Amino acid sequence: MSEFWLISAPGDKENLQALERMNTVTSKSNLSYNTKFAIPDFKVGTLDSLVGLSDELGKLDIFAESLIKRMAQSVAEVMEDSKGKVQENLLANGGLKEKMKCLKIDLTSFVTHFEWDMAKYPAKQPLVGVVDTLAKQLAQIETDLKTRTAAYNTLKTNLENLQKKSTGNLFTRTLSDIVSKEDFVLDSEYLVTLLVIVPKSNYTQWQKTYESLSDMVVPRSTKLITEDSEGGLFTVTLFRKVIDDFKTKAKENKFTVREFYYDEKEIKREREELSRLLSDKKQQYQTSCVALKKGSSTFPDHKVKVTPLGHPDRPAAGQTDRERESEGEGEGPLLRWLKVNFSEAFIAWIHIKALRVFVESVLRYGLPVNFQAVLLQPHKKSSTKRLREVLNSVFRHLDQVAAASILDASVEIPGLQLNNQDYFPYVYFRIDLSLLD
């Protein structure tokens, strides 16, 4: 499953033992993979400020998730011809260790082996400052995303509109890709070539009558240029001064004169515009030609014994500089920007989750700061109900009212304006990596 549960419990002996029991039960019952989720010690400040931060982080969490989903969808749109490769382009840039900062890893590996980025978000600065940095970073990415996707969508719309002209019936579609210079009498002071749409059932009638529809029609000047399921496009040459009379007589006989005058410069311009738009759209995306090498590794936990979350694939530390340098070769500017900034936004989102756990744990369990965060990945969707029952049973002692309310929806939780389904005896946040659903 691509769903994770990020929980925390107090770090005292009793609750560490509760975590041990949880881990034993979930492991034996194959309910979830569990691993420690490391969160640094932050400057707490006042409880009032934490309450405000809790609300702000909740909103920022929603915004960040929405942003990365929009970016993931944008990647899918740009890679419309290679949709099967979208997921492999949604990566988290950054390392689990300093020497891996230049590598890219899949989203699951980043979450399960999360390390707080001290350089980008210093834990020594006040929490308000950390949250402000994250908020500004995400706001800037969203602003740039709107600008870039608007430009891409304009390009895409212009291309679609131009391509639509090449579809449809003979009454509406462009004729610039059908006719040629040789089909027309050009640069004549007296003669002009018209294009006439004739229903298929009237072909014979057209051939017999077109010369007599008006005076001054050039004999044997008609030629079938193209046809569709409904009719054909014929040329006819006549004197300019009888154009109006010919159109009237043609209409009476169910022949339609298509308004079109051959302009070589305009036709060339239209073809070049289509070619340019196709080229510009294609240049926004090209597949990366270097596949990341993958290996596996486990990260031991010295404080809380938890079952490692399998062996999530991640890039091998032995990847060469040449491979890393060629990683982005061949990629168009929009896809490259989306990949880089999706990574930045995703990493920021997981840091926000970590901050939410920290703030809620302090508010819930009090000072001094002492709690343990654990990441659970439910083994399968059908096991989530049982997993929740195990957690509620193990941590029931943390909040008897909340534990009771889970079983009895009529029980109110004093002081909370939450739906009881959103509140548990332990701190809980959900991380869903199904970004393209």
Side-chain angles (χ1 to χ4, degrees), residues 1-41 96-97 105-116 296-314 350-351 353-362 364-366 368-400 402-404 406-407 421-433:
M1 284 183 66
S2 57
E3 177 180 329
F4 295 88
W5 295 2
L6 186 52
I7 70 168
S8 80
D12 55 53
K13 183 177 180 180
E14 178 187 1
N15 286 292
L16 290 180
Q17 290 174 346
L19 285 170
E20 293 271 10
R21 290 197 305 275
M22 174 203 74
N23 195 59
T24 300
V25 174
T26 56
S27 178
K28 286 183 177 180
S29 302
N30 200 26
L31 295 176
S32 65
Y33 298 120
N34 311 329
T35 186
K36 175 185 174 182
F37 193 86
I39 301 176
D41 291 329
L96 307 176
K97 295 181 180 179
I105 61 175
D106 61 272
L107 306 184
T108 296
S109 293
F110 182 84
V111 173
T112 56
H113 300 135
F114 174 77
E115 291 183 2
W116 186 271
S296 63
S297 177
T298 55
F299 288 75
D301 181 356
H302 301 294
K303 294 185 179 179
V304 180
K305 294 179 181 179
V306 293
T307 306
L309 185 59
H311 298 278
D313 289 339
R314 66 185 181 109
I350 302 305
H351 279 74
K353 291 289 187 183
L355 283 174
R356 293 196 74 185
V357 171
F358 180 87
V359 171
E360 295 304 321
S361 296
V362 174
R364 186 85 68 92
Y365 309 136
V369 177
N370 185 24
F371 67 90
Q372 178 62 67
V374 177
L375 185 75
L376 294 80
Q377 184 180 25
H379 182 65
K380 50 188 176 181
K381 194 170 185 67
S382 59
S383 67
T384 56
K385 183 177 180 181
R386 173 58 182 153
L387 178 60
R388 184 68 73 189
E389 291 172 351
V390 169
L391 294 179
N392 292 337
S393 174
V394 170
F395 298 110
R396 182 184 180 90
H397 63 281
L398 292 177
D399 192 333
Q400 296 287 349
I406 294 167
L407 301 176
Q421 293 180 345
D422 299 325
Y423 186 85
F424 303 97
Y426 45 90
V427 171
Y428 161 81
F429 293 105
R430 182 170 176 265
I431 300 175
D432 186 1
L433 300 187

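By convention here, the first residue in the shown sequence is residue 1. As the structure is a prediction and not an experimental result, all values here were calculated from the model.
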For the student: nearest non-hydrogen atoms of A354 and I39, plus distance: O-CD1, 3.6 Å

At their closest point, which heavy atom of F424 faces which heavy atom of R364, and how far apart are they? O-NH1, 2.9 Å

Taking the side chain as everything from C-beta on, heavy atoms only, tell me whether F371 gets closer than 4.5 Å to D12. no

Is the closest side-chain donor-acceptor distance between Y426 and D399 under 3.5 Å? no

Heavy-atom check, side chain of K36 versus side chain of V374, under 4.5 Å: no

P10 and side-chain contact (heavy atoms from CB on, under 4.5 Å): which partner among L16, N370, L398? L398

Quick check: closest heavy atoms across Y365 and V427, and the distance to 0.1 Å? OH-N, 3.2 Å

Which pair of heavy atoms, one from F4 and one from T108, lies closest together, and at what distance? CZ-CG2, 3.8 Å

Taken to the nearest 0.5 Å, the spacing of L6 CG from F429 CZ works out to 8.0 Å

Is the backbone of R388 close enough, under 3.5 Å, to the side chain of N392 for a donor and an acceptor to pair up by distance? yes

Quick check: closest heavy atoms across P378 and T384, and the distance to 0.1 Å? CB-CG2, 3.9 Å

side-chain hydrogen bond (donor to acceptor under 3.5 Å, both in side chains) partner of N15, the single match among H397, Q372, E20: H397

Give me the atom names and distance for the closest heavy-atom approach of V357 to S8. CG1-CB, 3.9 Å

